[in-house]
Amino acid sequence: TTINERLEPYKKSNPQGKWEDWVKSAFFDRVSLSSTGYHATPDIGYNFKTNSGNAFNYFTFGVACSVVEIDCLTGDHQVLRTDIVMDLGESLNPAIDIGQIEGGFMQGYGMFVMEQIIHSPDGVLLTRGPGAYKIPSFNDVPSQFNVCLLRGASNPRAVYSSEAVGEPPLFLAASVFFAIKNAIRSARQDAGATSNFH
C-alpha cells in the first residue's frame with residue numbers, strides 16, 4: 001500500500017506508462033520505494049522463576065550422520081559422506097533452504113573440527129578471524145553430501161507452515177567430530193591400545 005501511494009502521482013501524470021516508467025521517475029525524484037513492517041510473535045513468554053510458558057513459537061529439528069576416514073599416521077581426515085534430514089515445515093524455497101543447510105553445516109564443521117581457539121597468557125583472544133585459523137574450503141565438503149527436507153511436517157505456527165533455517169544446521173556438523181572420535185577409538189582398539197583417550 002505504501003509504495004502504491006508513493007507511485008500514485010507518477011501513475012496519474014503518465015497513465016499510459018508501464019511499471020518501469022513510474023519506478024524510474026520516482027527514483028530520479030528521490031522517492032523512497034521501500035517499505036518495512038514488524039511482526040510480534042503472539043503467545044510467547046517465559047517465566048524462569050516458575051519454569052513455565054513458551055520461550056519460542058516453535059523449534060527446528062534435524063539429524064545428520066557422517067562417515068569419515070582417518071590417516072592414523074598423520075592424523076588427517078576426510079569426510080566421505082554426510083546425510084542430513086531437516087524438518088523445516090513446508091519449505092517456501094527448497095533450493096535456498098538446502099543451501100542454508102549446507103552452509104550452516106560447513107560453518108559448524110569448521111567450528112567443531114578445524115578451529116582452535118587460542119588465548120594469550122593475559123586472556124586476550126589471539127584467533128580473532130579467518131586470518132588466524134584455518135577455515136573450511138571446498139576441499140573439505142563431504143565427498144557425498146546428501147541433504148533432504150522432511151516431508152509432511154507442516155508448521156501451523158509460522159508463515160505458510162514454514163520454519164526458519166540458518167543456524168540450526170550448524171550443530172549437525174558435530175556428527176563429523178564424533179565420527180572422527182569413533183574412528184580413532186576403533187583404530188586404537190585394532191592396535192591393542194585402550195579405547196579411552198582425550
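For the numbers below, each heavy atom of this structure counts, side chains included, while hydrogens, waters and symmetry mates do not.
Atom CG of Asp43 is surrounded by 12 or fewer heavy atoms from other residues, nucleotides or ligands within 6.0 Å. Within a 6.0 Å radius of CD in Glu167, no more than 12 heavy atoms belonging to other residues, nucleotides or ligands are found. Within a 6.0 Å sphere centred on CD1 of Ile118, heavy atoms belonging to other residues, nucleotides or ligands number more than 12. Around atom NZ of Lys134, no more than 12 heavy atoms belonging to other residues, nucleotides or ligands sit under 6.0 Å away.
Note: Leu7 CG to Ser25 OG = 9.5 Å, rounded to the nearest 0.5 Å. Distance check: Ile101 CD1 to Ile96 CD1 gives 12.0 Å after rounding to the nearest 0.5 Å. In this structure, Asn196 CG and Arg185 CZ are separated by 7.0 Å, a value rounded to the nearest 0.5 Å. Distance check: Gln107 CD to Glu115 CD gives 8.0 Å after rounding to the nearest 0.5 Å. Atom CG in Asn182 sits 10.0 Å away from atom CZ in Phe177 (nearest 0.5 Å). Note that the CD1 atom of Ile70 and the OG atom of Ser186 stand 10.5 Å from one another [nearest 0.5 Å].
No donor-acceptor distance shorter than 3.5 angstrom exists from the side chain of Asp83 to the backbone of Val85, with no hydrogens or angles considered. In this structure a side-chain-to-backbone donor-acceptor pair under 3.5 Å is present from Asn155 to Ser162. In terms of modelled atom types and a separation under 3.5 Å, the side chain of Arg30 and the main chain of Phe27 share no donor-acceptor contact. Between the side chain of Arg151 and the backbone N or O of Glu90, no donor-acceptor pair lies under 3.5 Å. With hydrogens and angles ignored, the 3.5 Å screen pairs a side-chain donor or acceptor of Asn47 with a backbone N or O of Lys49. A distance-only check finds a donor-acceptor pair linking the side chain of Tyr58 to the backbone of Ala164 [under 3.5 Å]. In this structure a side-chain-to-backbone donor-acceptor pair under 3.5 Å is missing from Arg6 to Val31. Between the side chain of Trp22 and the main chain of Glu8, no donor-acceptor pair closer than 3.5 Å is present. No side-chain donor-acceptor contact under 3.5 Å links Thr60 to the backbone of Pro168.
A salt bridge between Arg188 and Asp190 is absent, with no side-chain N of the basic residue lying under 4.0 Å from a carboxylate O of the acidic one.
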| task | May I have the step-by-step check of side-chain contact (heavy atoms from CB on, under 4.5 Å) for Asp87 and Glu163, ending in yes or no? | result | CA-CA 8 Å; Asp87 174 5; Glu163 290 185 20; 3.7 Å; yes

| request: Tell me, with the steps shown, if Thr127 and His119 meet side-chain contact (heavy atoms from CB on, under 4.5 Å). | output: CA-CA 7 Å; Thr127 48; His119 291 85; over 6 Å; no

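Following chains of ILVMFWY side-chain contacts shorter than 4.5 Å, one can reach Phe145 starting from Leu149, so the two form part of one hydrophobic cluster. Residues Phe61 and Met86 do not share a hydrophobic cluster, clusters being chains of Ile/Leu/Val/Met/Phe/Trp/Tyr side chains in contact below 4.5 Å. When hydrophobic clusters are built by joining Ile, Leu, Val, Met, Phe, Trp and Tyr residues whose side-chain heavy atoms come closer than 4.5 Å, directly or via intermediates, Met106 is grouped together with Met114.
Phe105 is listed as a side-chain neighbour of Ser175, based on a closest heavy-atom distance under 4.5 Å. Val63 places none of its side-chain heavy atoms less than 4.5 Å from the side chain of Leu172. Using a 4.5 Å heavy-atom cutoff, the side chains of Asp140 and Val79 are not in contact. Counting only heavy atoms from C-beta outward, the side chains of Thr41 and Arg157 never approach each other to under 4.5 Å. Contact check for Leu33 versus Val23: side-chain heavy atoms found under the 4.5 Å cut-off. Residues Pro169 and Gln100 are not in side-chain contact: their nearest non-hydrogen atoms beyond the backbone lie 4.5 Å or more apart. Contact check for Val68 versus Gln78: no side-chain heavy atoms found under the 4.5 Å cut-off. Side chains of Glu102 and Val147 form a contact here, defined as non-hydrogen atoms less than 4.5 Å apart.
Tested against Thr82, the residues Ser143, Cys65, Ser66 include a single side-chain contact (heavy atoms from CB on, under 4.5 Å) partner, Ser66.
When all heavy atoms are compared, the tightest approach of Ile44 to Asn57 is CG2-N, 3.8 Å. Listed here is the closest heavy atom pair of Phe112 and Ala173: CD1-C, 3.7 Å. Heavy atoms only, all atoms of each residue included: Leu88 and Asp97 are closest at CD1-CB, 3.7 Å.
Residues Asp21 and Tyr10 bring no donor and acceptor atom of their side chains to less than 3.5 Å of each other. With hydrogens and angles left out, the side-chain atoms of Ser154 and Ser161 include no donor and acceptor closer than 3.5 Å.
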